Peer 1: 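Got a structure for you, questions after.
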Amino acid sequence: MNYNHDMTSQLIRQNVARLLSELPGGVEVVAAAKRRTPAEVLEAVQAGIQIIGENYVREAKEAHELVGKRAKWHFIGTLRKHDVRRTALEIFDMMESVDSLEIAREIDEKCAQIGKIMPILIEVNSGREPQKSGALPENTEQIIRAISGLENIKVMGLMTMGPRFGSPEDFRPYFAETRKTFERIKGLKSPDVEMRYLSMGMTDSYQIAIEEGANIIRIGTKIFGERD
Ligand SMILES: *Cc1c(COP(=O)(O)O)cnc(C)c1O
């Protein structure tokens, strides 16, 4: 262990303690771990983080080797067909970024092979940005209806990023709209759908997201510091 490593681990511990102490009850933190080392991820878990969010399968596998079942693992990155391998699905406890029937079918098929029922969230492209992944808000209900019949998947809510802005307050309408979609679909009371989680908000926007009903927030920078 060198000096830098000790500095980093102390910062992570302080950041996690501060964040957890200021959150209202019922809000879960996903530590967004992209481009962090397995040692940093472990540090966050030892400081009290219970869920790790991974954007890349390869990074997830490396961190998982060190941290293992001391945390839950959520996939939060852009989900492509080649990410959906059995060895990846074995690691993850939830896939937060499912945005099409096609990718859901792939997960369903592979989960059948490993005997797992995978909880998923549907990612909503709340900013309707053409370059971004996620289902359009107006298509979300239809996608959930189509997916809900798959036997090895359980739809448990929605996730959204929202457009990148300078000011946190600018996120509010996108979070509010996603909450509305969430409540509407929840109100349908479909037998195979359990609308329990609304994952919204990052370092700059999580306070607004919680005000707008998020019960999962995904935090990277505020836990681990600026990314290189
Ligand atoms: C990186 C990332 C986050 C966290 O971003 P910060 O601004 O560092 O808190 C949250 N969600 C997703 C999907 C991410 O890729």
Side-chain angles (χ1 to χ4, degrees), residues 8 11-12 14-20 22-23 27-38 40-41 43-45 47-60 62-63 71-80 83-84 88 91-100 103 119-129 131-135 140 156-172 174-175 178-179 182 197-228:
T8 307
L11 272 178
I12 291 172
Q14 285 171 359
N15 289 344
V16 169
R18 194 179 312 134
L19 178 65
L20 294 181
E22 73 177 32
L23 291 182
V27 176
E28 297 185 59
V29 180
V30 171
K34 58 177 173 284
R35 308 215 298 273
R36 313 298 179 173
T37 65
E40 288 173 305
V41 174
E43 200 66 52
V45 170
I49 289 295
Q50 297 179 355
I51 310 171
I52 304 299
E54 295 282 356
N55 292 65
Y56 308 106
V57 169
R58 190 160 46 85
E59 285 188 0
E62 282 170 19
K72 299 276 184 206
W73 298 81
H74 287 197
F75 190 83
I76 63 173
T78 304
L79 195 47
R80 300 203 175 80
D83 292 320
V84 186
I91 291 177
F92 290 109
D93 299 289
M94 181 180 281
M95 309 297 279
E96 290 200 18
S97 42
V98 178
D99 64 359
S100 70
I103 208 85
I120 67 165
L121 306 183
I122 303 302
E123 181 174 357
V124 180
N125 182 354
S126 55
R128 297 184 172 78
E129 296 168 281
Q131 77 281 13
K132 281 221 179 126
S133 50
T140 303
M156 299 200 75
L158 303 182
M159 179 273 234
T160 198
M161 298 275 287
R164 277 265 167 208
F165 285 119
S167 153
E169 198 52 47
D170 294 337
F171 283 96
R172 194 182 292 280
Y174 301 94
F175 291 159
T178 306
R179 167 77 181 274
F182 178 82
Y197 297 112
L198 185 53
S199 174
M200 316 191 287
M202 315 194 287
T203 292
D204 289 341
S205 59
Y206 72 92
Q207 276 128 336
I208 308 282
I210 291 169
E211 287 170 20
E212 296 301 332
N215 56 15
I216 295 180
I217 57 173
R218 306 178 310 273
I219 308 293
T221 309
K222 200 181 163 86
I223 291 174
F224 298 105
E226 293 291 338
R227 279 180 293 275
D228 299 329

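These numbers come from the heavy atoms of this one structure, side chains and all, not from hydrogens, waters or symmetry mates. All figures in this text were calculated on a predicted structure; none of them were measured in a lab. Every number for a ligand or one of its atoms is a count from 1 in the order of the listing. The residues of the chain are indexed from 1 along the displayed sequence.
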Peer 1: Any chance CD of Q14 has more than 12 other-residue heavy atoms, nucleotides or ligands included, within less than 6.0 Å?
Peer 2: yes
Peer 1: Is the CZ atom of R58 crowded by more than 12 outside heavy atoms at less than 6.0 Å?
Peer 2: no
Peer 1: Apply side-chain hydrogen bond (donor to acceptor under 3.5 Å, both in side chains) to K132 and list each qualifying residue two or more places apart in sequence or on a separate chain.
Peer 2: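 K132: side-chain hydrogen bond (donor to acceptor under 3.5 Å, both in side chains) contacts with E129.
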Peer 1: Taking only non-hydrogen atoms of E96, do any sit less than 4.0 angstrom from ligand 1?
Peer 2: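 Judged by the 4.0 Å heavy-atom criterion, E96 does not count as contacting ligand 1.
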Peer 1: Can a salt bridge be assigned to the pair R172 and E212 using a cut-off of 4.0 Å between side-chain N and carboxylate O?
Peer 2: yes
Peer 1: So, for G134 and D99, which heavy atoms are closest and what is the spacing to 0.1 Å?
Peer 2: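 That closest heavy-atom pairing would be N-OD2, 2.8 Å.
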Peer 1: Heavy atoms only: which of E226, K34, R218 lies closest to atom 14 (C) of ligand 1?
Peer 2: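 Answer by nearest heavy atom: K34.
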Peer 1: When you measure from atom 9 (O) of ligand 1 to every protein heavy atom, which one gives the shortest distance, and what is it?
Peer 2: T203 OG1, 2.5 Å
Peer 1: Measure the distance from atom 13 (C) of ligand 1 to every protein heavy atom, then report the residue, atom name and distance (to 0.1 Å) of the closest one.
Peer 2: M161 SD, 3.2 Å
Peer 1: Using a plain distance cutoff, I'd like to know if D204 has any nitrogen or oxygen under 3.5 Å from a nitrogen or oxygen of ligand 1.
Peer 2: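 N/O-N/O distance below 3.5 Å does not exist for this pair.
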Peer 1: Near I219, which atoms of ligand 1 are under 4.0 Å from a heavy atom of that residue?
Peer 2: 9 (O)
Peer 1: Has ligand 1 got any nitrogen or oxygen that is less than 3.5 angstrom from a nitrogen or oxygen of G220?
Peer 2: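 Checking ligand 1 against G220, an N or O pair does fall under 3.5 Å apart.
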Peer 1: Within a reach of under 6.0 Å around CZ of R128, are more than 12 heavy atoms found that belong to other residues, nucleotides or ligands?
Peer 2: yes
Peer 1: How close do D93 and K72 get, heavy atom to heavy atom, and via which atoms?
Peer 2: OD2-CA, 3.2 Å
Peer 1: Please report which non-hydrogen protein atom sits nearest to atom 10 (C) of ligand 1, along with the residue it belongs to and the distance in Å to one decimal place.
Peer 2: M202 SD, 3.2 Å
Peer 1: Around atom 8 (O) of ligand 1, find the nearest protein heavy atom and jot down its residue, atom name and distance.
Peer 2: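 For atom 8 (O) of ligand 1, the nearest protein heavy atom comes out as T221 OG1, 2.6 Å.
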Peer 1: When you measure from the side chain of E59 to the backbone of R36, do you find a donor-acceptor pair of N or O atoms at a distance under 3.5 Å?
Peer 2: no
Peer 1: Is N55 touching ligand 1 with its side chain, its backbone, both, or neither, if touching means heavy atoms under 4.0 Å apart?
Peer 2: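 For N55, the contact with ligand 1 is made by the side chain alone.
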Peer 1: Please state which part of K222 comes within less than 4.0 Å of ligand 1, counting heavy atoms only: side chain, backbone, both or neither.
Peer 2: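 The answer is neither; K222 stays 4.0 Å or more away.
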